[in-house]
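Inspection log for the structure reproduced underneath, given as structure tokens.
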2 protein chains.
Amino acid sequence: MGKKAGYHHGNLRAALVEAALAILEADGLPGLTLRRVAAQAGVSHAAPAHHFPNLQALLTALATIAFERFTQSMARARARAKPDPESQVRAAGRGYLAFARSHPALFRLMFSAGDLDWQDQALQAAGAAAFRQLQEISAPFADLLGLAGETDRRELERLIWASAHGYAHLAIDGKMPATGNPPDVARFLSKR
Amino acid sequence: MGKKAGYHHGNLRAALVEAALAILEADGLPGLTLRRVAAQAGVSHAAPAHHFPNLQALLTALATIAFERFTQSMARARARAKPDPESQVRAAGRGYLAFARSHPALFRLMFSAGDLDWQDQALQAAGAAAFRQLQEISAPFADLLGLAGETDRRELERLIWASAHGYAHLAIDGKMPATGNPPDVARFLSKR
DNA sequence: AACTCAAACTTGACAGTGACAAGATTCGGC
DNA sequence: GCCGAATCTTGTCACTGTCAAGTTTGAGTT
């Protein structure tokens, strides 16, 4: 509905983000330059400056979107799974990995060192929402394991996050199988 | 002795690597440029080309050294620890994390996506040696857990690697506590 | 309905990057 | 002692992000 109207002037910001996402999918992070983004959006090389003061700001906007989709990927997987703690942990892990595998460049961007502005409110919120998914599946699982102490529960949370994150990272770097499920933390931790 | 002799002509390759390591520690990956490396080594901007055909080759050499030090970090930690499987797993995890925390830029470089030439023999060897450390601690621990099937043993190996890797990555990104130990996989897996 | 003015966009420039092409230099082997 | 070849320098190119100016456009006010 009509938000696309007006090109010479229009909703450039959204067009830039869309163009950047397309380039990212096609050529990865190194292929993403402000000038290419501008060109693909049909504007001059300095046009983005009015919507994003610098490259980091554009990357931050992209990462924010990425975190939102990432959260959705975990939420979708969880919704399809059974509600018991073990299944939920497994599902979140699959959602984590699925996003990384289908959008490796976005995933790398989300966790790239200094390229992002973590002072940005929207990015912080999107990141926190993603982390909340992990807290939501971790707590019931800690109960199942009978972990009472806060320290133990936090440690379990970190272990679940770290293993999912590490596996995803190694997988998109070709160090883990390109298909198949991640190691089943839930099974290893609960059985026996 | 005296390998340093001769400067106008000399052992430039080693000097370049040393300069690059210094810059990496000081300013991180984005601060590392061929021209700065050349300047710090006291040669012209095009001098590195004869020793490293392109930037990727230099980064690959750096990553190779990084993997060697990384392996040593794990080996040192293991040597200081008791020989039982649990302690060895814990120690390797600490060594993994210790290296990442004290050389974050090198660690990131080692696992940076397309910046490295994994066809390079030296890099492959150094990477394999590091991975071997994980296999060495994983096998006895699998025995301890009574895992017989090859699939299960491989899955455990991957879980240990992934959790160590993920925690290290998240730690140097500020998403995990800056000090303290990683989650104790060995304890979670064996107790109860 | 005309006018103003700020926002959006363009053009142009600058320092810095990696890579390449030629030249200059210096060392090692005969 | 001298010649060839490896090493290093100088110069240049296309490309990058960022800034400083101009130019266009559209929305709000009177």
Side-chain angles (χ1 to χ4, degrees), chain A residues 2-24 26-63 105 109 112-117 120, chain B residues 2-24 26-63 105 109 112-117 120:
Chain A
K3 68 189 292 207
K4 49 134 80 150
Y7 200 37
H8 208 40
H9 289 227
N11 51 334
L12 221 202
R13 186 187 160 103
L16 290 172
V17 168
E18 196 176 355
L21 285 174
I23 293 176
L24 215 44
D27 296 337
L29 240 183
L32 182 69
T33 76
L34 270 180
R35 290 170 112 101
R36 278 194 63 190
V37 171
Q40 178 138 339
V43 292
S44 78
H45 68 262
H50 263 268
H51 300 273
F52 303 99
N54 49 35
L55 178 59
Q56 182 180 274
L58 172 59
L59 296 181
T60 299
L62 293 177
L109 173 64
S112 67
D115 296 352
L116 266 36
D117 174 20
D120 184 88
Chain B
K3 66 192 291 209
K4 57 148 53 165
Y7 199 37
H8 209 42
H9 289 228
N11 52 333
L12 220 202
R13 187 186 159 103
L16 289 172
V17 168
E18 196 176 356
L21 286 174
I23 293 176
L24 215 45
D27 296 336
L29 240 184
L32 182 70
T33 77
L34 271 180
R35 293 170 111 101
R36 277 193 65 188
V37 170
Q40 179 140 339
V43 292
S44 79
H45 68 260
H50 262 268
H51 299 273
F52 303 99
N54 48 36
L55 178 59
Q56 183 181 271
L58 173 59
L59 296 181
T60 299
L62 293 177
L109 173 64
S112 68
D115 296 352
L116 266 34
D117 174 19
D120 183 88

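Every chain is numbered from 1 and lettered A, B, ... according to where its sequence line falls, protein lines coming before strand lines.
In the set C:dT17, D:dT7, C:dG18, the nucleotide with an atom closest to the side chain of B:R36 is C:dT17. For B:L12, whose side chain is taken as the heavy atoms from C-beta onward, the closest listed nucleotide among D:dT18, D:dC8, C:dA19 is D:dC8.
One atom, CG of A:L55, and another, P of D:dC19, lie 12 Å apart when rounded to the nearest Å. With rounding to whole Å, B:F52 atom CZ is found 12 Å from D:dC8 atom P. To the nearest angstrom, C1' of C:dG18 lies 13 Å from CD of B:Q56. Atoms CG (B:L29) and P (C:dG18) sit 12 Å apart, rounded to a whole Å. In this entry the distance linking CG of A:L58 with C1' of D:dT18 reads 14 Å, nearest Å. Between the P atom of C:dT10 and the CG atom of A:L16 lies a distance of 10 Å, rounded to the nearest Å. With rounding to whole Å, B:N54 atom CG is found 17 Å from C:dT17 atom P. Protein atom CG of B:L32 is 12 Å distant from nucleotide atom C1' of C:dG18, rounded to whole Å.
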| query | Tell me, for nucleotides 10-15 of chain D in 5' to 3' order, what letter each nucleotide earns: B for a base near a protein heavy atom under 4.0 Å, S for only sugar-phosphate near one, - for neither? | reply | BBB---
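Rounding to the nearest 0.5 Å places CG of B:L59 at 12.0 Å from CG of B:D120. Summarising the geometry, atom CG belonging to B:L34 is positioned 8.5 Å from atom CG belonging to B:N54; distances are rounded to the nearest 0.5 Å. We find the NE2-CG distance between A:H51 and A:L12 to be 4.5 Å, quoted to the nearest 0.5 Å. One finds the CG atom of B:N11 at 9.0 Å from the CD atom of B:E18 (value rounded to the nearest 0.5 Å).
Sorted by first and then second residue, the side chain to side chain donor-acceptor pair (under 3.5 Å) pairs involving residues 26-39 of chain A (not counting sequence neighbours) are A:D27-A:R36.
Counting only heavy atoms from C-beta outward, the side chains of B:L32 and B:L109 never approach each other to under 4.5 Å.
Considering every non-hydrogen atom in both A:V37 and A:A19, the closest pair reads O-CB, 3.9 Å.
At the phosphate of C:dT10, neither OP1 nor OP2 sits under 4.0 Å from any side-chain N or O atom of A:H50. Not one side-chain nitrogen or oxygen of A:H51 sits closer than 4.0 Å to the OP1 or OP2 atom of C:dA7.
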